[in-house]
2 protein chains.
Amino acid sequence: MALEHVLLGMLRTPASGYDLKAEFAASISHFWAAELSQIYPTLQRLEKRGLLTSKSEPSGRGPRRKVYALTRAGRAELRAWLQQSPKVNVERLEWLAQVWFMDELEDPKRSLAFLGALRSELAFEVAALEKIEQQWRAEDPRYPDQLPDHEFYPQLTLALGLKKGRARVEWADECIARIKTRVRRRQK
Amino acid sequence: MALEHVLLGMLRTPASGYDLKAEFAASISHFWAAELSQIYPTLQRLEKRGLLTSKSEPSGRGPRRKVYALTRAGRAELRAWLQQSPKVNVERLEWLAQVWFMDELEDPKRSLAFLGALRSELAFEVAALEKIEQQWRAEDPRYPDQLPDHEFYPQLTLALGLKKGRARVEWADECIARIKTRVRRRQK
DNA sequence: TGTCACATGTAAGACGTTACATGATTTT
DNA sequence: AAAATCATGTAACGTCTTACATGTGACA
């Protein structure tokens with residue numbers, strides 16, 4: 001399971017399930033997400049398999065935290081995964097399916113409304129990534145190419161997120177313009 | 001369920017489950033995929049709910065085909081779905097997660113091998129989309145902006161597939177160049 | 001006669017989401 | 001006193017993949 005490997009990777013520095021959830025939201029959200037209800041059982045499973053160890057710690061506020069750390073076997077499993085060659089899967093994009101069948105509505109106004117809403121969602125995602133980038137840049141003057149490996153490889157993924165996000169916003173703008181042109185042409 | 005709606009959309013022209021699987025592979029593969037083992041039960045469910053009807057037909061070769069068609073209720077359901085505003089979900093990209101943690105291997109040669117393999121997979125996908133585009137262009141001189149709505153909206157999705165695919169290949173090339181630069185710098 | 005393409009299905013398991021349950025501590 | 005945040009979990013359900021089962025007709 002890929003989530004297992006992602007968690008192993010994140011746990012190179014020990015953390016609780018709750019911490020991990022926060023980290024998904026903070027930095028990894030452009031290519032992975034997981035709910036607590038999936039994280040907790042997965043951590044338990046990894047511990048049972050001997051890839052993680054846990055210890056209960058008092059938390060400054062709230063109940064005790066269960067902090068997980070990689071075992072030697074866990075690190076070996078992580079390395080083995082990193083050496084697997086990339087598998088590119090089909091991404092299911094429901095909103096693109098909606099665009100595909102949009103002719104059914106026979107209403108360019110609806111199409112424009114849909115693509116407008118889509119554009120704003122996509123732009124919002126880009127803005128979130130740009131904020132993360134600004135933070136990274138502010139934190140370390142070596143950003144991006146002089147960063148140590150531990151931050152350099154994450155930066156590569158951020159670069160893709162930004163590139164892809166901007167391409168999508170551009171695409172939405174082009175769609176809107178093309179549909180408007182068609183409407184005008186039909187009115188003549 | 002989104003697959004249900006995608007099937008309803010595809011069934012505006014009647015088809016069998018087997019046909020639909022072929023169409024996923026032929027034209028929709030850049031944003032959706034489904035196995036026969038998922039398609040058949042889903043079609044049955046949609047029929048039970050009154051959104052589809054089926055009739056058994058002899059096939060030129062092989063066993064009889066079960067051809068499904070939209071009912072009035074099915075068309076209404078399709079329209080209702082198309083009027084829902086877009087929901088953009090997190091796409092889980094395992095290969096990007098591998099890049100994120102790649103520093104663990106402490107081996108730029110492995111990173112380059114990984115990104116090289118990735119680049120070729122991504123380029124292969126772009127090539128497949130370009131082939132589809134060439135076909136469409138050859139079939140209809142109105143491609144892309146003078147196409148009737150029924151082909152115009154699908155073309156919009158193809159345009160995104162191409163744009164995104166090319167951006168990803170570009171990104172992989174940049175990653176490879178940046179890693180090589182780092183290696184050279186370290187050797188000095 | 002064997003293999004390939006056509007054609008439809010079931011079953012088991014993996015993965016992910018939503019809802020529910022519980023309780024501590026801090027802030028308003 | 002209520003709400004928000006910290007913290008861990010279970011249960012039910014929905015979705016997707018992989019493996020298995022069955023059978024027809026065409027072609028080599």
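We name chains A, B, ... by the order of the sequence lines, and we start the count at 1 in each one. All values reported here derive from a predicted model rather than from experimental measurement.
One can place NZ of K87(B) at 14 Å from P of dT17(C), the figure rounded to the nearest angstrom. We find that CZ of R65(A) is positioned 18 Å from P of dA24(C), with the value rounded to whole Å. Straight-line distance from the CD atom of E57(A) to the P atom of dT25(C): 16 Å, rounded to whole Å. Rounded to whole Å, atom C1' of dT8(D) lies 13 Å from atom CG of L20(A). E91(B) places its CD atom 17 Å from the C1' atom of dT15(D), with the value rounded to the nearest Å. Counting to the nearest Å, the P atom of dT18(D) and the CE atom of M1(A) are 15 Å from each other. Across the protein-nucleic acid pair, K55(B) atom NZ and dA7(C) atom C1' stand 18 Å apart, rounded to whole Å. Distance CG (D19(B)) to P (dA5(C)): 17 Å, rounded to an integer number of Å.
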* Asked: Along nucleotides 20-28 of chain D, 5' to 3', which nucleotides get a B, which get an S, and which get a -, given that the test is a protein heavy-atom distance under 4.0 Å?
  -> ---BBSS--
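Summary of helix geometry: the two end axes of the helix from dT1(C)-dA28(D) to dT28(C)-dA1(D), each defined by five base pairs via their C1' atoms, are inclined to each other by 10° (rounded to 10°).
The existence of a salt bridge linking E130(A) and R166(A) is confirmed by a sub-4.0 Å separation between a basic side-chain nitrogen and an acidic carboxylate oxygen. Using a 4.0 Å cut-off between charged nitrogen and carboxylate oxygen, E125(B) and R168(B) count as a salt-bridge pair.
In the hydrophobic clustering of this structure, L70(A) groups with M102(B); members are Ile, Leu, Val, Met, Phe, Trp, Tyr whose side-chain heavy atoms approach within less than 4.5 Å, directly or through other members.
Contacts between residues 10-18 of chain B and DNA chain D, counted as heavy-atom distances below 4.0 Å, involve no residue at all. Heavy-atom distances under 4.0 Å link DNA chain C to L36(B), S37(B), Y40(B), Q44(B) of residues 35-54 of chain B, given in residue order.
Proximity of R64(A) to the phosphate of dT25(C): no side-chain N or O atom is located under 4.0 Å from OP1 or OP2. Within the structure, every side-chain polar atom (N or O) of K21(A) is placed at least 4.0 Å from both OP1 and OP2 of dA7(D).
Remark: the R64(A) side chain and the S56(A) side chain contain an N/O donor-acceptor pair separated by less than 3.5 Å.
For residues 45-65 of chain A, no pair satisfies ring pair (Phe, Tyr, Trp, His ring centres under 6.0 Å), with sequence neighbours left out.
Looking only at side-chain heavy atoms (C-beta outward), R79(A) and L82(A) stay at 4.5 Å or farther from each other.
With sequence neighbours left out, H30(A) forms a ring pair (Phe, Tyr, Trp, His ring centres under 6.0 Å) with no residue at all. Contacts of R178(B) classified as side-chain hydrogen bond (donor to acceptor under 3.5 Å, both in side chains), with partners at least two apart in sequence or in another chain: D145(A), Q155(A). Here Y40(B) pairs with nothing under the ring pair (Phe, Tyr, Trp, His ring centres under 6.0 Å) rule; sequence neighbours left out. Shown here are the side-chain hydrogen bond (donor to acceptor under 3.5 Å, both in side chains) partners of N89(A), two or more places apart in sequence or in another chain: there are none. Taking the ring pair (Phe, Tyr, Trp, His ring centres under 6.0 Å) definition, one finds that W95(A) meets it with nothing, sequence neighbours left out. Scored by the side-chain hydrogen bond (donor to acceptor under 3.5 Å, both in side chains) test, R75(B) finds E104(A) as partners (sequence neighbours excluded). Q146(B) is linked by a side-chain hydrogen bond (donor to acceptor under 3.5 Å, both in side chains) to nothing, counting only residues two or more places apart in sequence or in another chain.
Heavy atoms from other residues, nucleotides or ligands lying under 6.0 Å from CZ of R185(B) number more than 12.
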